[in-house]
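Taking it in order: structure first as structure tokens, then the write-up.
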Amino acid sequence: MNALIRPLTVDHLDMVMRFREVSFGRPPDEQARRQMRSALDRGEIWGLPSEGETTAVTRLSLVDHWFGGRRVPCQQVASVAVPPEHRGTGAASTLMRAAIDHGIAQGAGLSLLYPATTALYRRLGWEHSGSLLRYRLKARHAPQGGPKLRVAGGSDRAAIRRCHETAGRALTGPAVRPGDRWEEVFQAPFVYVLDAEDGDGLEAYVCYGPSHAPGDWQYSLAIADWGATTARGMRALLGFLAKHGTIGKDATFTGALPHPWTFFISEQDVHRESGMFWMARGLALPVAIERRGFPPRLSLTVTFAVDDPLVPAMRGPWRLEVHGGSGKLSPSRDAAVTLDARAVGPLYTGFTSAEQLALADLARGPTDDLSTLGTAFAGPSPVLFDFF
């Protein structure tokens, strides 16, 4: 346990809800209170004490995320809240430094967060490392046809979760969704699925509800979650959306970049409606490397060091060896490449190449070595599908 922060209990629920309201402008509702109570029960809410009172709180969760087809334990940082009376005292910086230590102690390879402010987290080693993207598609632009979805039942939940994980494994970044988040997803009014042709599991699913704009006689499909593991599943989902093209106006949904539905639609009709960058920071670097997957036929060796004033154990120098789909990190006598602490997150996720990081003065070294290091982590554009 980090000595600077302490786990809060359900006795602190009212204080935590007040911190959230004054920090984020969100009046507490019953659902938010239930979620926060559950987080307190699990020991995920931490407070920063000072002179007999709590000055800042945050939620720290250990959640696996997919990188290179394998599960990497990551720290999710959420709801960093400092009330106005304690701002300007350095409380947020102190809280986040303690969060770094806590994540390392838990064995997290990376720390992930959605930044309300970028400057604070950059000073402490986080950097933009991927996207959360929301799209919109008019129902009448979706192609007709495809296999027919059926209404899901309660017995389909386990298969939906397996379908989600199979789809996420092929991407970079998505979380292995925790159980409490699945409970939120399954609250969607309508859930449909596509059975696999061989009868083993599902090829696609969609969880959604109708959404009406004031004065609009048509409705939108607010898709809480969807997943597909085959082209057949993709066609089924798009065909299902097309069937809503009379009264249903359009659908909103999250997805990768580029969105896979664009390959089934004749024009550029999948519009990016909103999005934001999430940030990542390196924590236990050997864990991050050894738990990550790499391309099976990729073989390379490169040395590097990390200029990280907050995590001495991450500095190295390191020798990275990639072979047979796995990576190994071992101590090195010297380093061809030097990385700023901020470079670790976007390099690891593949969001930014080593050459681009060098342009920002976040990486230094010979061009060939920078290229080799970037090649190790190249892959699909990193994305998250859930806000935390």
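Numbers for residues simply follow the sequence, beginning at 1. Just the heavy atoms: all of them, side chains too, but no hydrogens, waters or symmetry mates, feed the values below.
By the neighbour-count criterion of 12 heavy atoms within 6.0 Å, atom CG of D29 is densely surrounded, having more than that number from other residues, nucleotides or ligands. Dense packing is recorded around CD of E85, with more than 12 heavy atoms of other residues, nucleotides or ligands lying under 6.0 Å away. By the 6.0 Å contact criterion, NZ on K328 is open, its count of non-hydrogen atoms from other residues, nucleotides or ligands being 12 or less. Environment of NE2 in H212: crowded, with over 12 heavy atoms of neighbouring residues, nucleotides or ligands closer than 6.0 Å.
Side chain of Q106 to main chain of P73: no donor-acceptor pair is present (N/O by atom type, distance under 3.5 Å, no hydrogens or angles). Of the possible polar contacts, one joining the T58 side chain to the A78 backbone as a donor-acceptor pair under 3.5 Å is found. Checked by atom type and distance alone, the side chain of H244 pairs as donor or acceptor with a backbone atom of F240 at under 3.5 Å. Between the E273 side chain and the L133 main chain, no donor and acceptor come within less than 3.5 Å of each other. In terms of modelled atom types and a separation under 3.5 Å, the side chain of T303 and the main chain of A336 share a donor-acceptor contact. With hydrogens and angles ignored, the 3.5 Å screen pairs a side-chain donor or acceptor of S332 with a backbone N or O of D334. Side chain of T375 to main chain of S371: a donor-acceptor pair is present (N/O by atom type, distance under 3.5 Å, no hydrogens or angles). For the pair E290 (side chain) and V287 (backbone), a donor-acceptor distance under 3.5 Å is absent. Side-chain atoms of W126 come within 3.5 Å of backbone N or O of S111 as a donor-acceptor pair. A distance-only check finds no donor-acceptor pair linking the side chain of W318 to the backbone of P331 [under 3.5 Å].
Residue F67 comes nearest to L110 through the heavy atom pair CZ-CD1, 4.0 Å, listed as atom of the first residue, atom of the second, then distance. In this structure, L62 and A108 approach most closely via the heavy-atom pair CD1-CB, 3.8 Å. Across every non-hydrogen atom of A335 and A305, the tightest pair is CB-N, 3.6 Å. Summarising the geometry of R18 relative to P83, their closest heavy-atom pair is NH1-CB, 4.1 Å, with the distance given to 0.1 Å. Taking all atoms of both residues into account, the shortest heavy-atom contact from F264 to P143 is O-CG, 3.6 Å. Closest approach of V57 and M15 over heavy atoms only: CG1-CE, 4.3 Å.
Between W182 and Y205, the two ring planes are tilted [angle within 30° to 60°]. Ring geometry for Y135 against F253 counts as parallel: the plane angle stays under 30°, on a 0 to 90° scale with 60° as the upper cut. Between F351 and F277, the ring planes are perpendicular. Angles over 60° get that label, and only those under 30° would be called parallel.
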Evaluation steps, side-chain contact (heavy atoms from CB on, under 4.5 Å), between T252 and R134: CA-CA 7 Å; T252 58; R134 180 162 293 278; 3.8 Å; yes

Worked verdict on R150 versus D156 for salt bridge (Lys or Arg N to Asp or Glu O under 4.0 Å): CA-CA 11 Å; R150 66 170 173 84; D156 291 309; 2.9 Å; yes

Criterion side-chain contact (heavy atoms from CB on, under 4.5 Å) on S220 and R136, from CA distance to verdict: CA-CA 10 Å; S220 294; R136 185 180 296 271; 3.8 Å; yes

Residue pair H12, M17: steps toward the side-chain contact (heavy atoms from CB on, under 4.5 Å) verdict: CA-CA 9 Å; H12 300 98; M17 297 308 295; over 6 Å; no

F19 vs D14, side-chain contact (heavy atoms from CB on, under 4.5 Å): CA-CA, chis, key distance, verdict: CA-CA 9 Å; F19 275 34; D14 288 340; over 6 Å; no

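For S23, the side-chain contact (heavy atoms from CB on, under 4.5 Å) partners two or more places apart in sequence, or in a different chain, are A81, R87. The side chain to side chain donor-acceptor pair (under 3.5 Å) test applied to S326 returns R70, not counting sequence neighbours. Residues passing the salt bridge (charged side-chain N to carboxylate O under 4.0 Å, His left out) test with K138: none are found, sequence neighbours excluded. The side-chain contact (heavy atoms from CB on, under 4.5 Å) search around E51 returns none, not counting sequence neighbours. Not a single side chain to side chain donor-acceptor pair (under 3.5 Å) links D369 to another residue, sequence neighbours left out.
Comment: R181 engages E184 in a salt bridge, judged by a side-chain N to carboxylate O separation of less than 4.0 angstrom. For D225 and R177, the salt-bridge test passes: some basic side-chain N is under 4.0 Å from an acidic carboxylate O. A salt bridge links R281 and D308; the closest N-O separation between the charged side-chain nitrogens and carboxylate oxygens is under 4.0 Å. Salt bridge status for E127 with R122: present, with a side-chain N to carboxylate O gap under 4.0 Å.
Under 3.5 Å, the side chains of T229 and E203 contain no donor-acceptor pair of N or O atoms. Between R42 and S61, the side chains place no donor N or O within less than 3.5 Å of an acceptor N or O (distance only, hydrogens not considered).
V191 and Y208 end up in different hydrophobic clusters when Ile, Leu, Val, Met, Phe, Trp and Tyr side chains are linked at under 4.5 Å. Connection of L132 to L257 is not established within any shared hydrophobic cluster, with ILVMFWY side chains joined at heavy-atom distances below 4.5 Å, either directly or through further cluster members. Hydrophobic clustering keeps I160 apart from V151 (ILVMFWY residues linked when any side-chain heavy atoms are closer than 4.5 Å, directly or through intermediates).
Checked against the 6.0 Å centroid threshold, H102 and W46 count as a close aromatic pair. H259 and W226 have their aromatic ring centers within a separation under 6.0 angstrom.
F304 pairs with exactly one of T372, L339, L370 by the side-chain contact (heavy atoms from CB on, under 4.5 Å) rule, that one being L339. No option in R59, E44, R20 other than R20 meets the side chain to side chain donor-acceptor pair (under 3.5 Å) test with S79.
L171 belongs to a hydrophobic cluster whose remaining members, ordered by chain and number, are V383, F385; membership requires side-chain heavy atoms of ILVMFWY residues under 4.5 Å apart, directly or through intermediates.
A cation-pi contact links R292 to Y348, judged by a cut-off of 6.0 Å to the six-membered ring centre and 45° from its axis.
Looking at heavy atoms from C-beta onward, S93 lies in side-chain contact with L120 at the 4.5 angstrom threshold.
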